[in-house]
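Contents: one structure, followed by commentary.
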Amino acid sequence: MRIAECGYAFPEALLEIYRSRGIVELYPPQEEAINAGLLEGKNLLAAIPTASGKTLIAELAMVRSILEGGKALYIVPLRALAAEKHAEFSKLSSVGISVGISTGDFDVRDEGLGEHDIIVATCEKVDSLIRNGASWIGELTCVVLDEVHLIDSPTRGPTLEMTVAKLKAMLPHLQIVALSATVANPEEVARWLDANLVVSDWRPVLLREGVFLDGVVEFSDGTMRQLKGGAEPISSLVESTVSEGGQCLVFESTRQNAESCAKRVASTTQRTLSEEDEQAVGEMADQIESTSDVLLVRKLAACVRRGAAFHHAGLDAQHRAIVERGFRSGHIKCVVSTPTLAFGLNLPARMVIIRGYRRYDPAYGSIPIPVLEYKQMAGRAGRPFLDPYGEAVLVAKSQDEAAYLMETYVRGEPERITSKLASESVLRSHILSLIASGFAKSLDGVVEFMRGTLYMCQQEGFSLSFVISSVIGVLEQMGMLTEESGVLVATPLGEKVSRLYIDPLSAHRMVRCLMSSIEPTPLTLVHVLCSTPDMRTLYVRSSEFDDVEAYIEEHAHEFYRIPPMESGEYDAFVREVKTARVLLEWMDEVPEDALCSRYRMGPGDIRALVETARWLAHALTELARLLHADAHGLASVIEKRMQYGVRQELLPLVRLKGIGRVRARRLYDAGYRTPDALAHNPEEVARIIGERTAKKLLLGIDVKGEGVQPPQRKLGEF
DNA sequence: ACTAGCTGACTCTAGACAGCATGTC
DNA sequence: CTAGAGTCAGCTAGT
C-alpha cells in the first residue's frame, strides 16, 4: 500500500515531506495498522520489532487526529527519547503542526505547552501535569504510548499504567496508539487498552542471530562464519564487521568491563580509520578532553581518538552526546555500552555483540537478562538503507554455554509482561494522587478506578481492596488523607505531597524531622533527604565503612535519628550518611574531579545524585513552608546551594548567568561579593574570568541597580 | 636481601523519572 | 533464583 492511497486524504504537503524522506510505500506492519482502523480513530497496539516503522504509525494517527481538530500526546519512558522524538516531529512544522516537549529538565513553558498540536513528554511528567491540573489535557484526542512493554518494570511500570488509566477516565473518546516490543502476551495488553492488535516480526533489514564460540559464529539458519583466528573474541568480531565498512555495538554488563573492552577494541578500530575519520575522531577527542580532568573522561577521549568508545551512566550528558553523534556519523566504529543504550536511544549498527548476558541484581546475585531484553538489543542490528543485513551475536565461552544461549535467546520466545501495580510502595503514591486530584472519593471509588488498570485485567476476580484499604490507613496516619462525613479527602499536606510528586513516605520522613525538637544543621537536612525512598543511596565499600562510622560518631548530635547498630536499618543508615557526605562536599565546593576520584564515581553519577537531592530539597523547603517550620530558611538555602554546588556566601554571584561555582569562587576571593560590585570594576573582572565571559556577564547587570536583565541568548554557540 | 610471578581469598557490580525557574568552565 | 573480573596479601622460587 502506498501512503497516498491509505484511505485517508492527507494533505499534499505532508506526502511531500514523506517523499523527500524516501517514504512512499508503507511497510507491511504499517499497512496492517491502517487496516486495523488506525486512521478511523480505533485504538491500536502494535507489537512489532524496532525499526519496522513504529514511529510512522504513531505519526499518521497523530496527524489525522490533529487534522480533525484535535491534539496529540506522545508518551515516552526516557527524557533522551523525548528530545529525539521532539526533533523528529518538528519536521512537521512545514505542514503547520507545532510540537512541544515537557520533561523534568526541558520544558516549553506550561501555558504555552497547551498551544502545541503534539506534545512529547515522559510518563511521570504527564502524571505530574494531570496532578497539577494542566487544562490542555482535556483537549487531547490521541495518545501514543511508546515502549509500553515498560509496564513490566517494577519501578516505572505502575506510573505508566496509572497515567493511562487516568487519561482513559478523563477522556472516554481518546484514541490510544500503543507501541511495544514483541512480547508473549500482547492480547492481554490489547484487551486492557480495548485496542486492535497488530503483531508482526517483519523487519526492513534481514537480521541474522548467532552465537560465537572459539573463533566461529554459528547462526540460527545453520550457516557458520570462521573469523580470523588468534585475536581476542570481541576484537575479531569487530574486525570482521568494521573492515567491511560496518559498525559494531557491544553490550557489556558492567562499566568496568565496558571500559576495558573499549580499550582493547580501540587498537582494532584504529587500523581501519580513514584520514577523514581520523580527523573527525581527533576533534571529538579534543572536545571531550577540554571539558574535564576526570580520569574516566580522559580514558574516553583516548578510546575515541582511536575510533572506539564506551558508554555508561558515569559519563555525563555532553560526553554521551558526543559519542552518540560520532557513532551516527560513522567515524566512531564501535561503541561498548552497559544497558544505557539497550533501552534508550536509537543507535543502530550492522553488528550487535552481546557479551554480558548476565546482570547483577542485589536481590538474586547474577542472573541472565530476560529474552525480551536480548531481543531489544539484537533488534538494533542492521540500519535500514545503510546496511545490507544486520547481525546479532552472543558470545559463549564453552560448548554448553553456546547451546544454552542458542536455545534460550536466539530461538527463545520473549516473556509475558505483567502489571507490577500491586505493591504497597507504589500504591502509596498513586492512591494519594487519585484522591487529591478527585478521581476517587472513597475506598470503593479507588477500587472502581483500578478496574481501568492492566493489573485488574490480568488478575480478574482478584481484588486489590485489601491492600488499598491498608494503604489508605497508612496515608491517614501520616496526616495526608482524612475522612469527612464518609468522603475521603486529601489534607493540605496530602495535596502538597501529591503535587510535589514525591513518595508520601519521603514526605513523612521530612515532616517528622521538621517537627522534631532537633536544631537542624545542613547535615541534618541533607541526611533527611538521603533517608527517603526517593533517593538512591551510594554503595559503601568495606574499606570505607570505618571512616563513615567515625564520621557518624563525630556528628552524632546532628542526626535526627540513629538506628541501633545491631538493627537491620543500620547498614542503610551508613549508606545514607555516606551519600549525605558526598552532597555536603559538593555544596562545600569540593572540585568535581576530587569527588570523582575520592568516591570512584563519574561526572554523570554526581550530576544524577545532585539533581535528585535538589529536587528533594525543593520538596523539603515547600513542606517546611507549609508547616511554618523554623527550618524553612535553612532548607531554602540548601536547595540553592545544592543546585549550584557552592557555599552560602556565593549565592548572590552564582545567580548571574555565566557564573558557576568555580568562577563565583574566584570572584569572591578577589573581593567581589555582589553583582553590583562586579559592575564597578569591569577590567579586573575580565582579568579574573576572561574577557569574553566578562563582557557577556556585564551586559546582563544593570548598573543602576535594577537587577538582572533578561539574558541575550547566543545562537549556534554549541 | 630482593623481587617477579603465582595463588587464593576477598571485593564489587546497570539505569534514571519527578518540582520550579533559567543558563557551566 | 547466585558470576566473574579485578585487587591484594602472602607465599615461593629464582636472582
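Below, each value reflects all heavy atoms present in this structure, side chains not excepted, and no hydrogens, waters or symmetry copies. Protein chains get the first letters and strands the later ones, always in sequence-line order, with residue 1 at the start of each. Being a predicted model, the structure only gives us computed values, none of them experimental.
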(message) Using heavy-atom distances to pick each residue's nearest nucleotide on DNA chain C, tell me which of A/K397 and A/I367 is more 5'.
(response)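 That would be A/I367.
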(message) Both A/S260 and A/G365 contact DNA chain C. Which one's nearest nucleotide lies toward the 5' end?
(response)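 Comparing both residues, the 5'-ward one is A/G365.
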(message) To check you understand the geometry: which heavy-atom pair defines the closest contact between A/V323 and A/V335, and what is its length?
(response)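 Between these two residues, the closest heavy atoms are CG1-CG2, 3.9 Å.
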(request) Can you see which heavy atom on A/D605 is nearest to which on A/G314, and at what distance? (result)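 Heavy-atom minimum between the residues: OD2-CA, 3.6 Å.
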Rounding to a whole Å, what distance do you find between [X]:[atom1] and [N]:[atom2]?
X      : N      : atom1 : atom2 : value
A/L651 : B/dA21 : CG    : P     : 18 Å
A/L620 : B/dC20 : CG    : P     : 16 Å
A/E252 : C/dA5  : CD    : P     : 9 Å
A/I502 : B/dG19 : CD1   : C1'   : 10 Å
A/R661 : B/dT24 : CZ    : C1'   : 11 Å
A/I130 : B/dA18 : CD1   : P     : 14 Å
A/Y364 : C/dG4  : OH    : C1'   : 21 Å
A/L623 : B/dG19 : CG    : C1'   : 12 Å

Can you tell me if [X] and [Y] form a side-chain donor-acceptor pair at under 3.5 Å?
X      : Y      : value
A/H312 : A/E252 : no
A/K496 : A/S498 : no
A/E576 : A/T537 : no
A/H430 : A/E161 : no

Just distance, no hydrogens or angles: give the donor-acceptor pairs under 3.5 Å from side chains in residues 362-371 of chain A, sequence neighbours left out.
unit_1, atom_1, unit_2, atom_2, d
A/S366, OG, A/R358, NH1, 3.4

Which is true for [X] with a 4.0 Å heavy-atom rule: it touches a base, it touches only sugar-phosphate, or it touches nothing?
X      : result
A/G690 : nothing
A/F251 : nothing
A/I659 : sugar-phosphate
A/E401 : nothing

(message) Using side chain to side chain donor-acceptor pair (under 3.5 Å), reason through A/D152 and A/H149 one step at a time and then give a plain yes or no.
(response) CA-CA 6 Å; A/D152 195 62; A/H149 51 271; over 6 Å; no
(message) To the nearest 0.5 Å, what is the distance between CG on A/D127 and CE on A/M162?
(response)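 Result: 8.0 Å between the selected atoms.
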(message) Nearest 0.5 Å, please: how far is CZ in A/R131 from OH in A/Y501?
(response)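 It comes to 5.0 Å.
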(request) Between C/dC1 and B/dC20, how far apart are the C1' atoms? Round to whole Å, please. (result)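 Approximately 43 Å lies between the C1' atom of B/dC20 and that of C/dC1.
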(message) Using the C1' atom as the point on both nucleotides, what is the distance between B/dC12 and C/dT2, in whole Å?
(response)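 About 14 Å, rounded to a whole number of Å.
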(request) Provide the Watson-Crick or G-U wobble partner of B/dG19, both distances under 3.5 Å; none if there is no partner. (result)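 Here B/dG19 is not engaged in any pair, so there is no nucleotide opposite it.
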(message) Wobble G-U and Watson-Crick pairs count when both distances are under 3.5 Å; given that, what is the 5' to 3' dot-bracket string of DNA chain C, with | for pairing to other strands?
(response) ..|||||||||||||
(message) Output one letter per nucleotide in nucleotides 10-17 of chain B: B when a protein non-hydrogen atom lies under 4.0 Å from the base, S when only the sugar-phosphate is that close, - when neither is.
(response) -SSBBBBB
(message) Let's see if you can work this out: which of B/dG19, B/dT24, C/dA3 has an atom nearest to the side-chain heavy atoms of A/R358?
(response)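 For A/R358, the side-chain atoms sit closest to C/dA3.
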(message) Quick check, does A/W615 stack with B/dA18? I mean ring centres under 5.5 Å and planes off by under 30°.
(response)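 Taking the rule of under 5.5 Å and under 30°, the ring of A/W615 does stack on B/dA18.
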